[in-house]
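This report concerns only the one structure given below.
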2 protein chains.
Amino acid sequence: MISHKPEQVFGRDAGQPHSNRTSDNRETYDERLNHILKVATVLIAQVGYEKASMRAVAKAAGVSLAGLYHYFDSKEKMLFLIQFRAFTALLNNLREKLHGIDDALEQLRVMVKSHVGYFAANMAALKTCSHELDSLTGTAYDETRRIRREYYDLASAIVARVLDEHAPNNAFDRHVTTMSLFGSLNWLYRWYDPKRVCSPTALANQMVQQFLRGVIDAAPAKSQPEFTTPA
Amino acid sequence: MISHKPEQVFGRDAGQPHSNRTSDNRETYDERLNHILKVATVLIAQVGYEKASMRAVAKAAGVSLAGLYHYFDSKEKMLFLIQFRAFTALLNNLREKLHGIDDALEQLRVMVKSHVGYFAANMAALKTCSHELDSLTGTAYDETRRIRREYYDLASAIVARVLDEHAPNNAFDRHVTTMSLFGSLNWLYRWYDPKRVCSPTALANQMVQQFLRGVIDAAPAKSQPEFTTPA
DNA sequence: CACAAAGCCGAACGTACGTTCGATTGGCAA
DNA sequence: TTGCCAATCGAACGTACGTTCGGCTTTGTG
């Protein structure tokens, strides 16, 4: 689904096991690749892409330095795999959860919850994605940028519908509105610790409420009526 | 003003010109240091700290590689100088503008405006500060962390007063509230271009309005009473 | 069994980096 | 003038990095 590029190698359709596909071998290959990527993700999230040396990745993953290069043919491809998989999963996750939801506000809530939830479950991956956006170059960069753009467009459309239906009169620059929301979400990786602060669900709820109604008490006090999803 | 550390050398009190201080020499020294730091800031903002080699900095600044080391004794100290100066300026700027402002909402507006304004005027510096928070180690890290903490505490107190006075009944986690605002502000470096999007003032106004009242129209349509300036 | 291929590794290669060294220059002070 | 020291430089040093090479071991297949 990704390929059509002269080079090669990402996703599951790598180059190594072509003719033979005894399920046992295949599993081992994928498992090891996943394991290496997972370890590399954590390391990159901790020390940054440039400082995460292939030697350190190899040691953490329990393989030799040269052994890494059986799973990707460069460090940059490794980062690409990490980012591509994370962005794809994030996007698919959102699309899946959005399925069947028609109400605009509900869509927004689902989106934020999906983002926060995926984030809390995959902190290292999303930290790597948020912080190393520009560490890729050339085709790999374009490819991740394409998915990010898809995700942005989807989110943007949801925000736009919310504004159309519930704030037709405000004069906000919609790009600013959307990027503010994205900023709040993407900055999570700098401070959020699901073990110490509130739960992902509570966090998502608060962020949605703040985004929709702000922090100031409306007229009475609590009880956001539009939050019980009307028709 | 900063020192009390055994090591040395940051701020203006470097080590080189001690006895002699013919104002001409001194000016040249400071000017050159400022120039080098400015050039380095832009370079780091463009390609990242790890990828910005000292050779590249030297070339961009018009000095030799070895010549750099007369102004700071390591690359990390250079980054520290950049961050320390930027954070200090940001903090002083905010304190200065806050002086004489008593109203809580007005303080919040001043804070956001100050942040966005300083950001728009020093994009490379704040990008470097936002993105390379963890590139420093040891004492240098602690020092920048200390100022960031001061800035956070000040902003946090402003947010807290706003909530106390205008939202005494909501049950928001205040740390989440503050970090959401910070996220929106700090994410600016990823997308904001003052030449292409709205002005810093308009941007700040919209962010404050969104933070206070959310994106949804209140009861009628426009006219936020506690809020004057449109664009 | 034989043998090809996959999987894996130790060792090395070339390079780019941060930093240091030794020397030269230029301007002020005695 | 002489001497000193900040300022600057070209050249080198040591190191850590990404990557490659050649060969070993294992495994599934004819």
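Naming convention: chains lettered A, B, ... in sequence-line order (proteins, then strands); numbering from 1 in each chain.
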How many Å lie between CG on A:L68 and C1' on D:dT20, as a whole number?
14 Å
Encode nucleotides 12-19 of chain D as B, S and - characters from 5' to 3', where the letter depends on protein heavy atoms closer than 4.0 Å: B to the base, S only to sugar-phosphate, - to neither.
B----BBB
I need the CD-P distance between A:E31 and C:dC8, as an integer number of Å.
12 Å
CZ on B:F119 to CG on B:L203, rounded to 0.5 Å
9.5 Å
For B:H175, which residues count as a ring-ring contact (aromatic ring centres under 6.0 Å, His included) partner, sequence neighbours excluded?
A:W191
Is the phosphate of C:dC8 approached by A:Y71 (side-chain N or O, under 4.0 Å from OP1 or OP2)?
yes
Can you check nucleotides 24-26 of chain D for protein contacts, nitrogen or oxygen pairs under 3.5 Å, and list what you find?
none

pair A:L68-A:M78: side-chain heavy atoms closer than 4.5 Å
no
Euclidean distance, atom OH of residue A:Y29 to atom C1' of D:dT27 [Å, nearest integer]:
17 Å
Before giving the answer on ring-ring contact (aromatic ring centres under 6.0 Å, His included), spell out for B:F182 and B:Y152 the whole-Å C-alpha distance, their side-chain angles and the decisive distance to 0.1 Å.
CA-CA 9 Å; B:F182 266 54; B:Y152 171 81; 5.7 Å; yes
Could you tell me whether B:K75 sits above the aromatic face of B:Y49, with NZ or CZ closer than 6.0 angstrom to the six-membered ring centre and within 45 degrees of the axis?
yes
Under the ring-ring contact (aromatic ring centres under 6.0 Å, His included) test, which residues partner A:Y192, sequence neighbours left out?
none
Nearest heavy atoms of A:E76 and A:S135, plus distance in Å:
OE2-O, 4.2 Å
Identify, residue by residue, the members of residues 35-48 of chain A with a heavy atom below 4.0 Å from DNA chain C, and return them in order of residue number, or none.
none
Can you tell me how far CD of A:Q83 sits from OH of A:Y141, rounded to the nearest 0.5 angstrom?
10.0 Å
Can you tell me how far OG of A:S130 sits from CZ of A:R190, rounded to the nearest 0.5 angstrom?
9.5 Å
B:V162: what forms a side chain to side chain contact (heavy atoms under 4.5 Å, CB included) with it, not counting sequence neighbours?
B:A104, B:L105, B:L108, B:L212
Atom NZ of A:K59 and atom P of C:dG10 are separated, to the nearest Å, by 11 Å
Before we go on, tell me: are the rings of A:Y29 and A:Y71 under 6.0 Å apart, centre to centre?
yes
